[in-house]
Amino acid sequence: MARKNAPDPSLLGGIQSEVAAEASPMLTFLLDHARLIALGIVVIIAVVAGVGVWRYMDARAVSAERLEFGKIVTGPVENREKGLTELAAKSSGGVKLSAELALINIADTTRNGTGTAPMWAELAKGQEGPFGFAAALGEAQALASNGKPDEALARLEALLPTSKRGGRIIVEDMIISLAESQGKYDRALAACESIIASADFTGNKELWRQKADYLRRKIAEAKPAAEQPKS
């Protein structure tokens with residue numbers, strides 16, 4: 001039986017081609033569940049920064065920097081942040097990316113994500129494709145989690161024009177959740193209707209139609225009495 005709401009093959013393929021084989025099944029699961037990604041972007045970091053991240057680049061040649069990264073992440077917990085910070089400053093390429101992702105993971109787990117938005121933004125600048133997309137989502141999630149919903153929504157809006165197929169649906173899903181939580185029902189409804197109209201979304205559109213009806217009721221309830229339709 002075909003899976004519903006299957007992820008965009010180009011997005012999934014892009015990510016799977018850049019991470020270690022051990023992480024591939026988990027990434028497939030994450031991409032199959034767009035809402036879980038949208039609401040819990042830190043799960044991606046836990047996967048990438050864990051078992052396979054230090055093999056992000058070509059494992060055929062183990063450099064001194066990669067060995068150093070492996071020693072840091074498997075060494076004493078109290079030394080990891082300092083060691084990773086120093087390694088990120090002096091390294092490049094896959095090692096630098098791995099160190100930066102691990103530092104974000106530390107901030108997420110030890111400081112409730114405080115200060116991670118700038119880290120995500122800096123990471124997004126140097127990345128294109130799936131990882132750049134994930135970094136932009138991480139920045140938006142971090143902004144929302146740190147009491148900056150307007151900035152988070154603006155970041156998502158800016159990401160929409162460059163989001164493709166399944167990725168665009170993920171962004172719109174995040175916009176719906178964030179806009180609704182801020183009482184911006186018009187914006188949430190627009191994103192909901194976009195998903196319903198999208199040919200790339202093959203899941204249960206009836207659920208989204210019900211969501212759209214709910215948002216329309218919220219919009220009507222928010223109107224002044226003078227603007228309410230007469231019965």
Side-chain angles (χ1 to χ4, degrees), residues 4-8 10-11 30-45 108 112-121 123-125 128-130 132-231:
K4 293 184 177 180
N5 197 17
D8 177 17
S10 63
L11 179 63
L30 290 171
L31 288 170
D32 277 348
H33 296 74
R35 178 168 289 276
L36 292 181
I37 294 177
L39 298 180
I41 193 68
V42 294
V43 176
I44 295 178
I45 304 312
D108 278 326
N112 295 320
T114 301
T116 58
M119 298 167 73
W120 277 119
L123 187 60
K125 290 179 182 177
E128 297 180 356
F133 177 75
L137 292 182
E139 181 188 358
Q141 183 71 25
L143 287 168
S145 299
N146 284 276
K148 298 179 179 180
D150 291 336
E151 291 183 38
L153 192 56
R155 184 68 184 93
L156 292 170
E157 296 282 8
L159 188 59
L160 266 180
T162 58
S163 300
K164 299 179 180 178
R165 304 187 65 181
R168 183 179 180 88
I169 292 172
I170 293 174
V171 175
E172 288 177 328
D173 189 21
M174 292 183 70
I175 287 174
I176 291 169
S177 298
L178 187 57
E180 183 182 357
S181 70
Q182 296 300 305
K184 298 178 179 179
Y185 301 117
D186 287 332
R187 182 63 192 92
L189 177 60
C192 191
E193 291 176 335
S194 178
I195 292 177
I196 294 171
S198 174
D200 297 318
F201 182 75
T202 58
N204 189 348
K205 291 192 176 183
E206 182 58 31
L207 294 177
W208 289 105
R209 293 188 183 98
Q210 293 175 13
K211 180 69 172 182
D213 289 341
Y214 166 79
L215 291 169
R216 291 187 188 98
R217 290 196 297 271
K218 297 298 291 185
I219 292 171
E221 291 170 2
K223 289 182 179 180
E227 296 182 23
Q228 294 286 351
K230 294 181 180 180
S231 57

Undergrad: Nearest heavy-atom pair of V171 and F133: which atoms, and what distance?
TA: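 Where V171 meets F133 most closely, the heavy atoms are CG2-CE1, 3.7 Å.
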Undergrad: When rounded to the nearest 0.5 angstrom, what is the spacing between CD in E180 and NZ in K218?
TA: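 One finds 8.0 Å between CD of E180 and NZ of K218.
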Undergrad: Nearest 0.5 angstrom please: K184 NZ to L189 CG, how far?
TA: 15.5 Å
Undergrad: State, with a plain yes or no, whether a side-chain heavy atom of M174 is found less than 4.5 Å away from one of L137.
TA: yes
Undergrad: For the atom pair OG1 (T162) and CZ (R168), what is the distance rounded to the nearest 0.5 Å?
TA: 9.5 Å
Undergrad: Could you measure the distance from the CD atom of E151 to the CD atom of E139? Nearest 0.5 Å is fine.
TA: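 Between E151 CD and E139 CD, I get 9.0 Å after rounding to 0.5 Å.
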Undergrad: Between E221 and Y185, is there a side-chain heavy-atom distance shorter than 4.5 Å?
TA: no
Undergrad: G167 and S163: which non-hydrogen atoms are nearest, and at how many Å?
TA: C-CB, 4.1 Å
Undergrad: Ignoring hydrogens, what is the shortest heavy-atom contact between G132 and A124? Give both atom names and the distance.
TA: O-CB, 4.3 Å
Undergrad: Which atom names give the shortest non-hydrogen contact between L178 and S181, and what distance separates them?
TA: O-OG, 2.7 Å
Undergrad: Let me confirm one number: the OG-CG distance from S194 to L160, rounded to the nearest 0.5 Å.
TA: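 It comes to 7.5 Å.
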Undergrad: Taking side chain as C-beta onward, heavy atoms only, is N204 less than 4.5 Å from Q210?
TA: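 No, their side chains stay 4.5 Å or more apart.
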Undergrad: Taking the basic N atoms (NZ, or NE/NH1/NH2) and the acidic carboxylate oxygens, is any pair closer than 4.0 Å for K211 and D173?
TA: no
Undergrad: Of all heavy-atom pairs between A152 and A140, which one has the smallest distance, and what is that distance?
TA: CB-O, 3.3 Å
Undergrad: Would you say R187 and Q182 make side-chain contact, with heavy atoms under 4.5 Å?
TA: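 Answer no - side chains too far apart.
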Undergrad: Tell me, do L143 and W120 make a side-chain contact under 4.5 Å, heavy atoms counted?
TA: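 A side-chain contact under 4.5 Å is absent here.
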Undergrad: I need the I176 CD1 to I195 CD1 distance, nearest 0.5 Å.
TA: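 If we round to the nearest 0.5 Å, I176:CD1 and I195:CD1 are 4.0 Å apart.
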Undergrad: Is it true that a side-chain atom of K205 and a backbone atom of S198 form a donor plus acceptor pair closer than 3.5 Å?
TA: yes
Undergrad: Please name all residues satisfying side-chain contact (heavy atoms from CB on, under 4.5 Å) with D213, sequence neighbours left out, ordered by chain then number.
TA: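 Only R216, R217 meet the side-chain contact (heavy atoms from CB on, under 4.5 Å) criterion with D213.
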